[in-house]
**Q** 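For reference, the structure I am asking about is given below.
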Amino acid sequence: MSRAQDVINRINKDQQNAVQRLIDWLRIPSISTDPAFKSDVRRAAQWCADQLREVGFDTVEIKETRSEHGEGHPIVLATASPLPGYKGPHVLFYGHYDVQPADPLELWESPPFEPVIKPAVDGGPGERVVARGAVDDKGQVMMFIEACRAWKAATGHPTGGARFTVLIEGEEESGSVSLKSFVEEHHAQLKQCDVCLISDTGMLGREQPAITYGVRGLAYTEVTLHAANQDLHSGLWGGRCPNPISELTKVLSQLWDKDRRVTIPGFYDDVRPLSQKERDAWAALPFSAAEALSKIGLGPEADVGEAGFTTLEREWGRPTAEINGIWGGYIGKGAKTVIPAHASAKVSFRLVADQDPAKITSLFFEWLRARTPAGCRWDLNDHHGGFGVTVPTDSPTLAAASRAIKAATGIEPAMIKSGGSIPVAGLLKDQLGIDTIFMGFGLADDRVHSPNEKFEINCMMMGTRSHALFIDEITRQ
Ligand code: BES
Ligand code: MN
Ligand code: MN
């Protein structure tokens, strides 16, 4: 029996234990954005470090982090030294152990941090683990760790002799704010890596695994419009002075023109146009916009966005502006006749190559200032940002990943992009010059960031086998 077959057999035999280990990790509410969960976030890092030690990584450390925002959440850093004679790439495996907040809690069918295994539904989802973080990203990090566990058992080495550095961070869901200085501080060590591997993306369909060769960037802001120095009676003051909610919504509604293009001057200046080759390739993918919409309760008429582009082009290759939250005034029960002193919104932009998040944020703020409603003033905050990336599709490591997925699943992976953002990828390209291979096994209906997030066990197994065979591929290079 080949080494690879031995590893695959072990993975298959160990499925139930692997799912139980994932469930252990999912019980820890590692919500990075909420300070109330600080010690849980650390516990999740420790749990992960223990697993990496158990599967045989030689140095496993919990590293403290800092940024201008103060103390950050810890990073788990581990290495597997290569066996003599290893000639393949030094791979940096990146993942995150932090999760998004679980709210709205009342929409969960089972508590978000009490994972349950649900049976397959006919014509619906397969057998799955339901919990916050199931697919994003603990379940996907576990695919790699379980692949290493099987390699360790089969060969005595967690990556079959290949050289790996593992970096699992705890701030991805809150913008990876401490990561930049961490990468700077560990530049010498990380610079030795040739390529990054991230398992934090999705497949094209349940039976169609994929390699993601690009993600979008992000610029995230929060803006507040202030008017009077106090809340006012809307009968006595309505029509006499600015209402910041009305004024804010009037300004923000000007963000798009009738073709749903963003109106900020200069916004599209650095956008790399889509090539005809890429447009043709995407058009040929087995993807139905109407089917995707039907899964989120919408009809085909809801396929709206920037004029002149298909759904996939809009998600993968075009930038957007979104209002993610908006508030002010009275939102409690009943009615209150009030003109509030201020109103706020969270406004973010998804970016494509070669847009610079800092530049987009300053263009937006300039645009707002030029539209300051009479009698009002802005308070403008830059939350976080990250560059989008597009990686070459003809690299030897990407070819190795593609062969691994084909061998593990029997299906040639589709080459896709994603509209989501993974800030580390742009950072690594920028600071270390390395490209990322995104090998992810999520599904479009996994409810990422939503109540009842799930990871299907079949996907987890496909991913574990693919990671195991990726290791096999690079050890044979
Ligand atoms: N894993 C996701 C991004 C993703 C999901 C990419 C599915 C491709 C397919 C990641 O954890 C995420 O949610 N990123 C955030 C960015 C972050 C700065 C908050 C995002 O895209 O909103
Ligand atoms: Mn993620
Ligand atoms: Mn996420």
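None of these values were measured; they are calculated from a predicted model. When a ligand or atom number is given, it counts from 1 through the structure's own listing order.
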**Q** Please name the atom of His449, limited to N, O or S, that comes nearest to the Mn ion (ligand 3).
**A** NE2

**Q** For Pro423, take its heavy atoms, then give the atoms of ligand 1 lying under 4.0 Å from any of them.
**A** 18 (C)

**Q** Using atom types as modelled and distance alone, determine if a side-chain donor or acceptor of Asp446 lies under 3.5 Å from a backbone N or O of Leu443.
**A** yes

**Q** Measuring from the Mn ion (ligand 3), name the closest N, O or S atom belonging to Glu173.
**A** OE2

**Q** Only heavy atoms of Arg350, strictly under 4.0 Å: list the atoms of ligand 1 that pass.
**A** 20 (C), 21 (O), 22 (O)

**Q** Taking ring-ring contact (aromatic ring centres under 6.0 Å, His included) as the criterion, tell me which of Phe365, Trp367, Phe267, Tyr268 meets it with Phe349.
**A** Phe267

**Q** If the cut-off is 2.8 Å, does any N/O/S atom of Asp200 fall short of it from the Mn ion (ligand 2)?
**A** yes

**Q** Going by the atom numbers of ligand 1, which of them fall below 4.0 Å from some non-hydrogen atom of Ser418?
**A** 6 (C), 8 (C), 9 (C)

**Q** So among Arg447, Gln100, His96, which one has a side-chain hydrogen bond (donor to acceptor under 3.5 Å, both in side chains) with Asp136?
**A** His96

**Q** Using a 3.5 Å cut-off on N or O atoms only, is Gln100 in polar contact with ligand 1?
**A** no

**Q** Tell me which one of Arg206, Lys118, Arg128 satisfies side-chain hydrogen bond (donor to acceptor under 3.5 Å, both in side chains) with Glu456.
**A** Arg206

**Q** Within ligand 1, which atoms have a heavy atom of His384 less than 4.0 Å away?
**A** 18 (C)

**Q** Name the one of Glu146, Gln46, Arg149 that satisfies side-chain hydrogen bond (donor to acceptor under 3.5 Å, both in side chains) with Gln51?
**A** Arg149

**Q** Just to check, does Asp200 reach to within less than 4.0 Å of ligand 1 when the distance is taken from its heavy atoms?
**A** yes

**Q** Atom NZ of residue position Lys346 - does it have more than 12 heavy atoms of other residues, nucleotides or ligands inside 6.0 Å?
**A** yes

**Q** For ligand 1, which atoms have a heavy atom of His96 less than 4.0 angstrom away?
**A** 11 (O)

**Q** Counting only heavy atoms not in Ile296, do more than 12 sit closer than 6.0 Å to its CD1 atom?
**A** yes

**Q** Could you pull out, from Gly386, Ser421, Ser174, Gly175, the option with a heavy atom nearest to atom 3 (C) of ligand 1?
**A** Ser421

**Q** I'd like to know if the side chain of Ser176 reaches the main chain of Leu179, judged simply by a donor and an acceptor atom lying under 3.5 Å from each other, with no hydrogens or angles considered.
**A** no

**Q** Just checking, Arg132 and Phe113: is the charged tip under 6.0 Å from the six-membered ring centre and within 45° of the axis?
**A** no

**Q** Which is the closest N/O/S atom of Asp136 when seen from the Mn ion (ligand 3)?
**A** OD2

**Q** Heavy-atom contacts under 4.0 Å between Leu218 and ligand 1: side chain, backbone, both, or neither?
**A** side chain

**Q** Distance to 0.1 Å, residue and atom name: give those for the protein heavy atom nearest to atom 11 (O) of ligand 1.
**A** Glu172 OE1, 2.7 Å

**Q** Does Asp136 come within less than 4.0 angstrom of ligand 1, counting non-hydrogen atoms of the residue?
**A** yes

**Q** Given Lys359, which of Asp270, Asp354, Asp382 fulfils the salt bridge (charged side-chain N to carboxylate O under 4.0 Å, His left out) condition?
**A** Asp270

